[in-house]
Amino acid sequence: MAALEEEFTLSSVVLSAGPEGLLGVEQSDKTDQFLVTDSGRTVILYKVSDQKPLGSWSVKQGQIITCPAVCNFQTGEYVVVHDNKVLRIWNNEDVNLDKVFKATLSAEVYRILSVQGTEPLVLFKEGAVRGLEALLADPQQKIETVISDEEVIKWTKFFVVFRHPVLIFITEKHGNYFAYVQMFNSRILTKYTLLLGQDENSVIKSFTASVDRKFISLMSLSSDGCIYETLIPIRPADPEKNQSLVKSLLLKAVVSGNARNGVALTALDQDHVAVLGSPLAASKECLSVWNIKFQTLQTSKELPQGTSGQLWYYGEHLFMLHGKSLTVIPYKCEVSSLAGALGKLKHSQDPGTHVVSHFVNWETPQGCGLGFQNSEQSRRILRRRKIEVSLQPEVPPSKQLLSTIMKDSEKHIEVEVRKFLALKQTPDFHTVIGDTVTGLLERCKAEPSFYPRNCLMQLIQTHVLSYRFFCLSLCPDLMEIALKKKDVQLLQLCLQQFPDIPESVTCACLKIFLSIGDDSLQETDVNMESVFDYSINSVHDEKMEEQTEILQNGFNPEEDKCNNCDQELNKKPQDETKESTSCPVVQKRAALLNAILHSAYSETFLLPHLKDIPAQHITLFLKYLYFLYLKCSENATMTLPGIHPPTLNQIMDWICLLLDANFTVVVMMPEAKRLLINLYKLVKSQISVYSELNKIEVSFRELQKLNQEKNNRGLYSIEVLELF
Amino acid sequence: MGEFKVHRVRFFNYVPSGIRCVAYNNQSNRLAVSRTDGTVEIYNLSANYFQEKFFPGHESRATEALCWAEGQRLFSAGLNGEIMEYDLQALNIKYAMDAFGGPIWSMAASPSGSQLLVGCEDGSVKLFQITPDKIQFERNFDRQKSSAVHKMIVDRQYMGVSKRKCIVWGVAFLSDGTIISVDSAGKVQFWDSATGTLVKSHLIANADVQSIAVADQEDSFVVGTAEGTVFHFQLVPVTSNSSEKQWVRTKPFQHHTHDVRTVAHSPTALISGGTDTHLVFRPLMEKVEVKNYDAALRKITFPHRCLISCSKKRQLLLFQFAHHLELWRLGSTVATGKNGDTLPLSKNADHLLHLKTKGPENIICSCISPCGSWIAYSTVSRFFLYRLNYEHDNISLKRVSKMPAFLRSALQILFSEDSTKLFVASNQGALHIVQLSGGSFKHLHAFQPQSGTVEAMCLLAVSPDGNWLAASGTSAGVHVYNVKQLKLHCTVPAYNFPVTAMAIAPNTNNLVIAHSDQQVFEYSIPDKQYTDWSRTVQKQGFHHLWLQRDTPITHISFHPKRPMHILLHDAYMFCIIDKSLPLPNDKTLLYNPFPPTNESDVIRRRTAHAFKISKIYKPLLFMDLLDERTLVAVERPLDDIIAQLPPPIKKKKFGT
C-alpha cells in the first residue's frame with residue numbers, strides 16, 4: 001500500500017525560487033544527498049536525513065544558471081551550466097564556483113542528464129546529444145541541429161536499459177508533440193509523432209516515463225486533467241520512418257484542468273504515479289498517489305501554501321516547493337496486490353514478501369492462529385488454487401449472500417445468513433461477514449423501513465466484529481443505526497461484544513438506556529445475565545438488614561451521622577432503609593446499565609459526554625449505583641450475586657465519574673440531596689475504614705515483630721541437637 | 001548418631017554490601033559483581049554459580065562501572081577517577097590509571113573489545129586503547145555543546161505533577177539504530193537514532209528505572225527499578241506469522257525488596273543485583289533445555305568463603321567484617337536436656353574485643369589460633385599479627401611488629417593445631433611457614449609456586465599432626481606439602497570444578513575435598529590415592545537431592561573420637577557423613593527430620609544411611625565441633641540483614 005509519510009522542510013532558508021519554481025532537484029552520488037538548483041544563481045547540496053544543507057555554491061552576480069546541476073556519478077563531481085553555454089565542473093571541496101573548471105560550449109545546452117552507471121549526457125537545445133567526456137575533449141566542437149525550427153524541447157529523461165543508455169525527449173511545435181528516442185550507443189535516433197486524439201485543444205502539462213524491457217511508458221498529464229499513456233518501443237522497427245504513436249487514457253480527471261497553478265506528474269514505480277495539482281472540487285493543491293493498475297487513489301496530502309507545479313522523486317523521497325520552502329515527503333510503497341487494494345488484506349505486511357505469499361494469505365484468514373507453516377499444507381493450498389482457477393465461473397455462496405442482501409426481504413435474508421453461518425469456517429469467513437454487515441447497513445440507510453434486526457444480532461454473535469473493524473473493513477454504522485432505532489437489545493449486545501466502542505457512543509447508549517420508557521423496555525428481550533433478582537433478595541433480607549448494616553464494610557448509616565444532616569435523617573429513618581434496599585430501576589434497565597458499567601472507557605473522553613445527560617437521569621443512575629454499592633457491601637467479599645455482575649471498582653468509578661461531570665447540577669437539585677448526603681457518608685465511612693485498617697496494620701506489624709522475636713530466641717542460646 | 005549441645009550464635013552482625021554493578025562474560029560464562037564497598041567478586045556460572053574469586057574493597061574506591069573487554073580482561077572504574085584492571089590469576093589489581101576527568105560514572109567496551117570508553121564527571125568521554133598489558137589513552141570527546149546530532153528530550157512529566165528533573169539512568173544502543181533509555185520517571189523509552197524521535201514509551205514504575213542490559217542477540221533486554229522489580233522485554237512478532245516485530249514487556253519479576261541497581265542478561269538468564277545485597281539469577285525457562293542447575297532461580301546473599309574462625313580451646317569465635325574484627329567468648333551451661341531443648345545459660349556470651357583496621361582497605365582474611373593466643377589478619381597491603389594475653393577476665397593485645405617484607409598481603413591464613421606454626425598464602429602464589437614461639441616469630445620456609453604459574457592459593461588445610469599442608473588455587477588442583485621435609489608431597493588430580501572447602505582428617509591424614517558441583521572426595525595423603533570409600537561414592541554417585549543443593553560446602557571438620565565421621569555444612573544444612581553406613585540411593589529419603597519412633601530396629605537399620613542432615617540452622621555461615629559433644633553454629637537470619645538496610649521505597653497500602 002502506498003503511503004505518504006509526514007512531510008518535512010529541508011531548510012528554513014527561503015530559496016530564491018522564481019515564478020517558474022526551482023530549476024531542479026538531482027541526486028548526488030551519496031544516497032541521502034541531493035543537489036537543489038534554484039532558478040537564480042545557487043546550487044545547494046542537502047542531506048535529507050539531517051534536514052540540513054551540506055554545501056552551497058553560487059555563480060557570480062550577473063550570471064544565471066540555466067541548467068540544473070547534476071552529479072557525475074563516475075567521478076563524484078558536480079556539473080552545472082550557466083548562461084546557456086558555460087559549463088562548470090567542481091567537487092565538494094571547492095568553495096568558489098568562479099575558480100572551478102570551466103568550458104565554454106559552442107551551442108546552448110538544454111539539460112545535462114546523469115544517471116548511475118554511465119557518463120552524463122549533454123542535451124543541446126537543438127536536439128543534439130553528446131557524452132560529457134567527448135564534449136570536454138573538444139568543447140568548441142560543432143553541434144549539429146536535430147530538430148526543426150520553432151520546435152522546442154519540453155521534457156527529457158535518460159534511462160539505462162540493459163546497460164544501454166537511452167535518451168528520450170519531447171518537443172513541441174504548434175501544438176504538436178514529437179518524441180525522440182536516442183539509443184546512445186547505437187546512435188540511432190527515432191522520431192515519433194504523438195497523436196493527441198480527438199481533443200485537439202488539450203495541452204500536455206507534464207510528462208513522466210517509466211521503462212520496462214521493451215517499452216518506454218510515457219505518461220502525460222493533459223490540460224483536461226487526465227493522464228494518458230503512450231508506449232514507445234525502445235528498439236524501433238524502422239528507425240528511418242517517421243512513426244505515429246497513439247495515447248491511451250490511463251486515469252480520468254485526476255486534477256482540475258483549468259488550475260491556476262502548474263500540475264506535475266511523476267511515476268513512482270510501475271503501478272503508482274504521484275500527481276501534484278488541485279483536485280476537481282477543491283481549490284487547494286494536493287499531492288496524490290494513484291494506483292494506475294487499479295485506478296484507485298491511494299493517498300493524498302493537501303498542500304495549502306501552494307506549489308510551483310514541480311515534483312521530483314528519488315529513492316523514497318518526493319521533493320516539491322511548498323510555499324517558499326523545499327519540502328520533502330517520504331513515500332513508501334509496499335508490494336501491492338489486488339487483495340491489498342480491495343482492503344481485504346492487512347496492509348502491515350512486510351515489504352519483502354512477494355506476491356505468492358500474499359495470495360496464500362488471502363486464502364487463509366489472517367490472525368486466526370492457523371499457522372499453515374508446514375510444506376504439506378502449502379502444497380495443498382497450491383493444489384487447491386489450481387482447482388479454484390478452474391471453478392472460477394461458479395458463484396461462491398458468499399457472493400450469493402451479498403446479492404441477496406441487496407434485494408431480498410428481511411425474512412429471506414435471515415434464512416440466507418443462517419445458512420451461511422452454518423457453513424462457518426470458509427477461508428474468507430471474516431471478510432464475508434464484514435461485507436454482509438456493511439451491505440445490510442447500507443441498505444438500512446437507504447431504506448428507513450428496512451431493519452434486519454435478527455440478522456444483525458446473529459452476525460454480531462459470530463464474535464468477529466468490532467466497532468471500527470468488521471474484520472478489517474471500516475464500518476462504525478451499526479451502532480449508529482441501532483441508536484437511531486433505539487434498539488436497546490442490539491446495543492447491549494454491541495456493548496458486550498465490541499472491544500473498541502468510542503466513549504461518545506457509550507454515552508449515547510447510556511442516554512437511551514436511561515430515557516427509554518419502562519413499558520417499551522418490557523417488550524424487549526434483554527440479556528439478564530448480569531442482574532440478580534434484587535427484589536427477592538431484599539424482601540428476604542428485610543429482617544437481616546438491621547444487622548448487616550453494621551457490618552457493611554464499616555459503613556453504618558445509623559451511627560455515622562454528620563451534624564448537618566442528622567435531623568433530616570432522623571425524621572425518616574424508615575425511608576432511608578427503603579431507599580437503600582429496593583432497586584431504583586426495573587430489572588431490564590438494570591441489565592442494560594450493567595452493560596454500560598462493564599464497557600471499557602477512558603475517563604478524559606467520557607467526561608464531556610456525561611455532561612449532556614439530563615439531570616434526573618443522572619440522579620436515577622446515581623441512585624442505581626448507590627444501590628449496587630449497598631448490595632456489594634452486604635457481603636464480605638464485596639461482590640454482587642449473579643453470573644457476570646459489575647464489580648465494586650466499576651461501580652465506584654462510575655459514581656465518581658458522574659459526580660465529576662455533573663456536580664453543580666446534582667448539587668442544585670433538591671431531589672438529589674438525600675442521595676448526595678448518602679454518598680458523602682459513604683465516602684466518610686470509607687475514609688474511616690481505611691484509617692482503621694491503617695491502625696490495624698500498625699498493630700499487626702508490632703505483633704509480627706513480637707512473633708519474630710519469639711522465633712528468634714535471642715542472639716545466643718545453647719540447644720540440644722540429636723541427629724538420627 | 002549423636003547428641004550435641006549446640007551454641008547457636010546469631011550475634012554475628014554481618015551485613016553484605018549492596019551490589020553496584022554486574023558484568024557478564026559470555027566467553028567464560030563468568031559474572032563479575034562489584035559491591036558498594038569496592039569489593040569485586042567473580043562468579044563462575046558454569047561451576048554451579050560458585051564465587052571463585054574476589055578482590056577486597058577499599059573505602060575510597062566506589063566502583064561505578066564494571067566491564068569485560070578483550071576477551072576475559074576485567075576493568076572497573078569508579079568515583080576516585082581511576083580505571084583499574086584486575087589480575088584474575090594473581091588476584092590483585094594489575095594497575096590503576098587516572099582518567100583525569102574526575103569521578104567516572106560509566107564505562108563500556110567497544111564491541112570488538114579493543115577499546116574502552118569512560119564517562120567522567122566533567123562531562124567528557126574518554127577513549128582508551130587496550131594494549132596487551134595496559135590501557136593507553138587515545139582520545140577525549142568533550143562535552144557536546146551545539147554539535148549534538150540529536151537532542152532527545154525525555155519527558156519529565158510524570159503523572160502531570162512532578163517538576164523534578166528527569167535523569168536518564170541508562171541507555172542501550174541497538175545495532176538497528178534503536179536507542180533504549182531508562183529514566184527516573186519510571187519510563188523505558190525507545191528512540192529512533194536516525195531521526196531522534198521517540199518511538200515508544202513504557203511507564204513501568206512509580207519510581208526510577210535504574211538499570212538496563214540487552215541480550216547479545218538484541219531480541220530481549222532487562223531493566224531494574226527502584227521498587228525492586230525486574231522487567232523483561234522481548235522483541236516478538238506482531239502476529240503469529242508476520243516478520244514485523246515489536247518490543248513487548250513480557251515478564252515482571254519481584255525478587256528484590258530494594259533498588260535494583262544493576263542488571264545483566266546472559267543467554268539463559270536475567271541477572272540482577274541491588275541495595276538489598278542479593279544477587280539473583282532468574283533463568284529464562286524458554287532458553288533452558290535441560291533441567292539442571294541452570295533451570296533454578298538462584299539468590300546468592302552470602303559469600304562463599306568463611307568469615308569466621310574459632311578457637312576450640314578457649315571457645316572463642318573471631319568474626320571478620322570489612323573493616324574490623326570481633327572476638328567473642330561463648331557462654332556455657334550446666335544443664336542437660338533432650339533433643340530440641342533450649343538450655344538455661346549459666347554464662348552468656350561475651351564480646352571480648354573489637355579490633356579496627358587502620359587505613360581504607362578491607363580485610364581479606366583473618367584467623368585465630370586454636371589456642372586463642374594469636375590473631376592474624378591481612379589487607380591488600382599489610383599483614384597484622386597480634387598476641388593475646390588472658391589474665392582472668394582481662395585480655396590484653398599486643399601487635400607483633402616488624403613483619404618481614406614478603407608478608408605483605410595474604411589470601412588465606414591458617415594456624416597449626418598446636419598453634420606453633422602459621423601458614424600464609426600470599427597473593428604472589430607463595431606459601432609461607434612461620435614459626436611462632438612465645439611472643440616472637442621466625443620465618444621457616446616459603447613454598448614457591450611452580451615456575452611459570454602465578455596462580456594464587458585461596459584455601460589452606462593443615463593436618464592435626466602438623467605434618468601436611470594442603471593448598472588449593474582458584475582453578476583445580478590441590479597441592480599437598482610435607483611440612484617436616486619442606487617439600488611438595490603430591491598433587492591431587494585436577495577436577496573440573498573449583499574446590500570450595502577442604503580439611504585433613506586426624507590420624508588417617510585423609511584429605512577431604514568438597515567441590516562446587518557438590519562432589520566430595522577423600523584422598524589419602526600417605527598413600528597418594530583416593531580412598532576406597534571415595535571410590536565407592538564415585539561409583540555409586542551422590543543422592544540427586546544432594547547434588548541439587550545450590551550453596552557450596554564452606555567448611556569441613558572431623559570428630560576427634562569418631563574417625564568415620566565427616567562434618568560439613570553449606571548455608572542451609574549441616575551434615576554428618578558416617579562412612580560406615582551404606583550410601584543412600586536415589587530412592588531413599590535423604591533428609592528425614594523426624595526421630596525414629598517405636599519402629600522395630602530392623603526398619604531403622606534398613607533406612608539408615610550415611611548422610612545425617614540437619615536443617616535447623618539457617619542461613620548457616622559457620623559450624624564447627626568445639627569438643628566431642630559440643631557444636632558451634634553461627635547463623636545470620638535474613639530478617640536481621642534487612643533490618644539494617646536502608647528502608648525500601650514505601651508503597652501505598654489501603655488507598656492512603
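From a predicted model like this one, the values you see are computed outputs, not experimental measurements. Within every chain, numbering begins at 1; the chains are lettered A, B, ... in the order of the sequence lines, protein sequences first and strands thereafter.
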Within this structure, what is the CG-CG distance for the pair Leu723(A) and Asp578(B), rounded to the nearest 0.5 Å? 11.0 Å
With sequence neighbours excluded, what pairs up with His569(B) under the ring pair (Phe, Tyr, Trp, His ring centres under 6.0 Å) test? none
As a quick check of understanding, evaluate side-chain contact (heavy atoms from CB on, under 4.5 Å) for Glu3(B) and Val720(A), giving each step before the final call. CA-CA 7 Å; Glu3(B) 200 184 75; Val720(A) 179; 3.8 Å; yes
Heavy-atom pairs under 4.5 Å with chain A: which of Ile616(B), Asn348(B), Thr336(B), Val632(B) has the most? Asn348(B)
Check whether Tyr617(B) gets within reach of chain A through its side chain, its backbone, both or neither, counting any heavy atom under 4.5 Å. side chain
Could you tell me the separation between the CG atom of Leu721(A) and the CZ atom of Arg8(B), rounded to the nearest 0.5 Å? 9.5 Å
Output all residues satisfying ring pair (Phe, Tyr, Trp, His ring centres under 6.0 Å) with Phe319(A), sequence neighbours left out; order by chain, then residue number. Phe34(A)
Between Tyr716(A) (side chain) and Arg10(B) (backbone), is there a donor-acceptor pair under 3.5 Å? no
Value rounded to 0.5 Å, distance of CD in Glu719(A) from CZ in Phe4(B): 14.5 Å
Which answer fits Leu343(B), side chain, backbone, both or neither, if we ask what part of it has an atom under 4.5 Å from a heavy atom of chain A? both
NE2 (His7(B)) and OG (Ser717(A)) are apart, to the nearest 0.5 Å, by 10.0 Å
Portion of Phe12(B) that has a non-hydrogen atom of chain A nearer than 4.5 angstrom: neither
So for Leu330(B), is it side chain, backbone, both, or neither that comes closer than 4.5 Å to the heavy atoms of chain A? both
Distance, nearest 0.5 Å, that separates CD of Glu635(B) from CG of Leu715(A): 11.0 Å
Is it the case that atom CZ in Phe8(A) sees more than 12 heavy atoms from other parts of the structure closer than 6.0 Å? yes
Segment of Thr630(B) engaging chain A (4.5 angstrom heavy-atom cut-off): neither
Can you measure from CD1 (Ile718(A)) to OG1 (Thr333(B)) and round to the nearest 0.5 angstrom? 5.5 Å
